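In the text below, chain A, chain B and the rest are named by the order of the sequence lines, each starting its count at 1. Quick caveat, the model's predicted, so the values are computed rather than measured.
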Number of protein chains: 2
Amino acid sequence: MSHSALFDRHKDTLDQAIKASRTREYWTAYPEMPSPKVYGETASKDGEAAFKSYLNKAFDVDQPGAIGTVGAEKSPYGFDLGVTYPKVDVNALVSEVEALRGDWAKASIEARTGVCLEILHRINRRSFEMAFAVMHTTGQAFMMAFQAGGPHAQDRGLEAVAYAYEDMARTPAVARWEKPQGKRDPIVMEKHFTVVPRGIGLVIGCSTFPTWNSYPGLFASLVTGNAVIVKPHPGAILPLAITVAICRDVLKEEGFNPNLVTLAADSAEAPLAKDLALRPEVKLIDFTGSTTFGDWLEDNARQAQVYTEKAGVNCVIIDSTDNFRGLVSNLAFTLSLYSGQMCTTPQNIFIPEGGIETEDGHKSFDEVAAALATGVEKLNGDDERACAILGAIQSEATLERLESYGKGDNVVLASHAVPMAGFDQATIRTPLILKATDESSYSSELFGPISYVVPTKNTADSLGIVEDSVKNNGAISFGIYSTSEEVLNQAEEVACNSGVAVSFNLTGGVYVNQTAAFSDFHATGCNPAANAALSDTAYVSNRYRVVQSRKHV
Amino acid sequence: MSHSALFDRHKDTLDQAIKASRTREYWTAYPEMPSPKVYGETASKDGEAAFKSYLNKAFDVDQPGAIGTVGAEKSPYGFDLGVTYPKVDVNALVSEVEALRGDWAKASIEARTGVCLEILHRINRRSFEMAFAVMHTTGQAFMMAFQAGGPHAQDRGLEAVAYAYEDMARTPAVARWEKPQGKRDPIVMEKHFTVVPRGIGLVIGCSTFPTWNSYPGLFASLVTGNAVIVKPHPGAILPLAITVAICRDVLKEEGFNPNLVTLAADSAEAPLAKDLALRPEVKLIDFTGSTTFGDWLEDNARQAQVYTEKAGVNCVIIDSTDNFRGLVSNLAFTLSLYSGQMCTTPQNIFIPEGGIETEDGHKSFDEVAAALATGVEKLNGDDERACAILGAIQSEATLERLESYGKGDNVVLASHAVPMAGFDQATIRTPLILKATDESSYSSELFGPISYVVPTKNTADSLGIVEDSVKNNGAISFGIYSTSEEVLNQAEEVACNSGVAVSFNLTGGVYVNQTAAFSDFHATGCNPAANAALSDTAYVSNRYRVVQSRKHV
């Protein structure tokens, strides 16, 4: 198939993606419901079989620089995956990728965009397989693994392609420049403009959202002509290995060298990220993970553009409400979803010490806190439903943190284990809610299902604390409940001053920790939690440059 | 006048600018000819009078943080300007600007764009005044000072406004998001998107193109909602002081605090750039100048986005030509224009040691070199014409460099002083052409009218040297002369590999050191000479972020 044929095939999807990113109206390219009608009657069974076919063997990816194997993923549902991946020699891999990346760099914008759209399409068709891979590395419950690991991640990848395509296509390949010269003949020149990629893009994945957080950077770098090396978190390799394999399939079919996209799996004992990040050929780095390593990358990988999403402390302010029941059920779900292992889960809930007004009259601080606790408890009261919402705890560190923080005398709601049918080793835990005693207790990120209810003097105090917290500790989400337009306006001002997105009065089926591709920007790029937004023009436009030639006609 | 009235008034200019930047066809907003028909019958006289009115007194700019005066500009045409400017206290200035910048940040995109377009319009109306100010600080001859310091600089400012406006306006202020829920009612949300500036932008000007090189950063930062502090080169303050004054006039008339744009003039003895650059409130820096200081900014001003244009070594390759006469006259003018004090002037001219083919048959290396020397000599043979092309040497350092390099035994064409009627102290010098002996002699920038003819084994050798040179030493321009399509294709490949714009066979009225706004990108942003291009999306899109709010409808 010719390169532009792929572009033509997916052009309508691209056009719609660009349009949606401009209107910010609801749109999605990839259906989020794991419906047999959409994905095929046998899709679920086939996906599970495909996932199982990977277990306890070497993942089939033939690429340069291999020097043995690596891989020790454990499902948070209680078993070893037993998958091994090629262990790479960083120098050999980077040198070989650098040497071969020219053809992709020289391909037309349309050719590259067509390839990326085809890759996304194929990933979408394998969403069930991906769901099982995401579930059994991240611990996400199946439905979430399907949605966040599949269609939602694909939408975020498509979003990056749409922004990058639009920006690249903004400059024509050829232009005729004709400058009038009064009575003399005009000066006429023909100019050619070529998109030139930066070099190699390095994508460093995280353990909780290996696809969702990696696809924007992967596709933004790839579509702009860069080669991409994918370095997954050692705990969540398989979803990105499948992704890389699909990229390689499509590249190969289209006549490109598959080594334009490679996998650099590593282990916690012998990490490769630093070695890769410091290679001079690596010009772009996309990272999701700890503030410590994100800061290290920004400070040390100076040869590269570094896009980081790091830790943050998300906040909710409760001022007043005319739907207390909705507030409680919304927050209970928010705190429970994937056991709070999301970069968008609120950690600190600020409530005036004097309590709040509701449609049922005044509620004291303790009543609000107790209602939240009861809401979380009831939501997770049925084990099967709890497992479907909570998923499993991904890491040992989160389990230990949960246990250690649960031992204090400020526990509002204790965490407990939930048994899961068929997975008796699964690490499933309900959320822990604590009452904050002083600011130092809640001002750094406690990743996982740990949240604080924080008494404040009043809502003005809450707003001041949140503004400072976002500026100093970073945040990706911020929610507020108030019946006062004035307070909501103040919250919007706090959001603008500190640089965080704000959600008002979420009491229904939209949660502060969820964003919608094409409409919601994920992160703002202007507080310590992230230096970039997924996705906007700034996220894509510096991944390539334009080189021009001109001559007289 | 309401803010959107200014926007409406200039909307047509903005629309045309955006269109031109997308088609890359010829377009300009501000007429480049100093014609009385365009600028008014008395414009030249009025401009000169306005310039003279500044001399030997304090420049009238009332702004915070003043602690005395500073200013010791000397016209390269041989007299002291005697203008003084407020000396600022950096801490007081930055603190006050930070405290007042909120209203501008909150103004609508249209209001800010309207103000910037009005500023550019007013600067344009004062192009003659600006021309004299540029001439008597930079040493540019009048015509060049008028064009490059006036309309061309204004076009580059408008270009930045156009890119920024288009990118900001890409996201709607309000969106309605409606997600279908099968048979249930859809979820409907209203979302607000707010452009949030980074903070304070610092613009650090250079001595040779104070307006042209500063306007893109100044207007890119200002239109995206940032306050701007302008720190001119101590040798070329007046053009930027006039610019700042015009910015302040328009801001004040439109009800904004004029201190949103301030002047931070300094002296060579007590420079302010480092202090300003390290202030935490300074989030954007635009710099044109030395590699040493540009690198320092990139390494140290880590709280800011740093856009730098630094030194480079521009190259020309002569392979063959069917218009030797045109080649010689084109290069002679290029080397002479403003005595080579342009970041785009070629320094190294690579010629095969065996000579080249021309329409007049074979020419040896020495014949080509001699023809170039004769071309330059003849072009500057008439003193009056020479002065109009060469202008004056801006700095003592350039004069000294010229003298010292002229003492060797490899001189192909000696430099000499040219007398100028009415300005007997003017430092006017013709270009010096040297023959390169070894690579070390020509591999770093020798700013000013010094160029090398460099013998190479053949054109393939020339191309290899240029590719390495651009990668290692940086370059903003690259020209090649060849009658072979294959060689031109190879040159285009060299240009793409190393990241520099290339001009083919310039033998007429377009010169390799000149670029046209809206059509030619100035610099690529991907070689050591500059980390950004003037202008493109990447140059503007990270100067602001978007903060959103959402609520159920």
Requested in this report: Answer with side chain, backbone, both or neither: which region of A:Gln181 has an atom nearer than 4.5 Å to a non-hydrogen atom of chain B?
Outcome: neither
Query raised in the report: Would you find a donor on one side and an acceptor on the other, under 3.5 Å apart, between the side chain of B:Gln548 and the backbone of A:Phe521?
Result: yes
**Report entry** Side chain / backbone / both / neither for A:Glu32 at chain B, heavy atoms under 4.5 Å
**Finding:** side chain
**Report entry** Straight-line distance of A:Ile480 CD1 to B:Ser549 OG, nearest 0.5 Å
**Finding:** 11.5 Å
Requested in this report: Determine the minimum heavy-atom distance between B:Arg198 and A:Gly525, stating which atoms define it.
Outcome: NH1-O, 3.4 Å
Query - Passing candidate, side chain to side chain donor-acceptor pair (under 3.5 Å) with A:Ser519, options B:Lys191, B:Arg550, B:Lys179 - result: B:Lys191
Query raised in the report: To the nearest 0.5 Å, what is the distance between CG (A:Asn542) and OH (B:Tyr539)?
Result: 12.5 Å
Report task. Evaluate whether atom CG of B:Asn300 has more than 12 neighbouring non-hydrogen atoms of other residues, nucleotides or ligands under 6.0 angstrom away. Result -> yes
Query raised in the report: A:Ala501, A:Pro172, A:Ala105: which one forms the most heavy-atom pairs within less than 4.5 Å of chain B?
Result: A:Pro172
**Report entry** Per-residue contact mode, A:Val540 against chain B (heavy atom under 4.5 angstrom)
**Finding:** neither
Query - Which atoms of A:Phe193 approach chain B - backbone, side chain, both or neither, heavy atom under 4.5 Å - result: side chain
Query raised in the report: Under a 4.5 Å heavy-atom cutoff, which of B:Ala516, B:Cys526, B:Ala533, B:Ala491 has the most pairs with chain A?
Result: B:Cys526
Query - A:Met168 side chain near B:Thr537 side chain, heavy-atom distance below 4.5 Å - result: no
Report task. Evaluate the side-chain proximity of B:His552 to A:Asn505: yes if any heavy-atom separation is below 4.5 Å, no if none is. Result -> no
Requested in this report: To the nearest 0.5 angstrom, please state how far the CH2 atom of A:Trp177 sits from the OG1 atom of B:Thr23.
Outcome: 12.5 Å
Query raised in the report: Using non-hydrogen atoms only, which part of A:Leu506 is less than 4.5 Å away from chain B: side chain, backbone, both, or neither?
Result: both
Query raised in the report: Taking everything shown except B:Asp103 itself, do over 12 heavy atoms lie less than 6.0 Å from its CG?
Result: no
Report summary line: Between B:Val547 and A:Thr524, the two heavy atoms sitting closest are CG2-CG2, 4.2 Å
Query raised in the report: Using a distance-only test with no angle check, is there a side-chain donor-acceptor pair under 3.5 angstrom linking A:Arg22 and B:Thr171?
Result: no
Query raised in the report: What part of A:Ser21 is in contact with chain B, defined as an atom under 4.5 angstrom from a non-hydrogen atom: side chain, backbone, both or neither?
Result: both
Report summary line: Value for NZ (B:Lys106) from CG (A:Asn497), rounded to nearest 0.5 Å, stands at 6.5 Å
Query raised in the report: Does any donor atom in the side chain of B:Ser503 or A:Lys551 lie under 3.5 Å from an acceptor atom in the other side chain?
Result: no
Query - Which atoms of A:Val546 approach chain B - backbone, side chain, both or neither, heavy atom under 4.5 Å - result: both
Query - A:Glu298 and B:Arg302 ion-paired at < 4.0 Å - result: no
**Report entry** Residues A:Asp536 and B:Arg545 bridged, charged N to O under 4.0 Å
**Finding:** yes
**Report entry** B:Ser541 side chain to A:Ser541 side chain, donor-acceptor N/O pair below 3.5 angstrom
**Finding:** yes
**Report entry** Region of A:Met33 in contact with chain B, defined by heavy-atom distances below 4.5 Å
**Finding:** neither
**Report entry** 4.5 Å side-chain heavy-atom contact, A:His192 and B:Glu492
**Finding:** yes
Query raised in the report: Side chain, backbone, both or neither: which part of A:Ala532 has an atom under 4.5 Å from a heavy atom of chain B?
Result: backbone
Requested in this report: For A:Arg170 and B:Ile18, work out which heavy atoms get closest and say how close.
Outcome: NH2-O, 4.2 Å
Query raised in the report: Which one of A:Phe478, A:Tyr544, A:Tyr163 has the most heavy-atom pairs closer than 4.5 Å to chain B?
Result: A:Tyr163
Query - Non-hydrogen side-chain atoms of A:Tyr26 and B:Pro186 separated by less than 4.5 Å - result: no
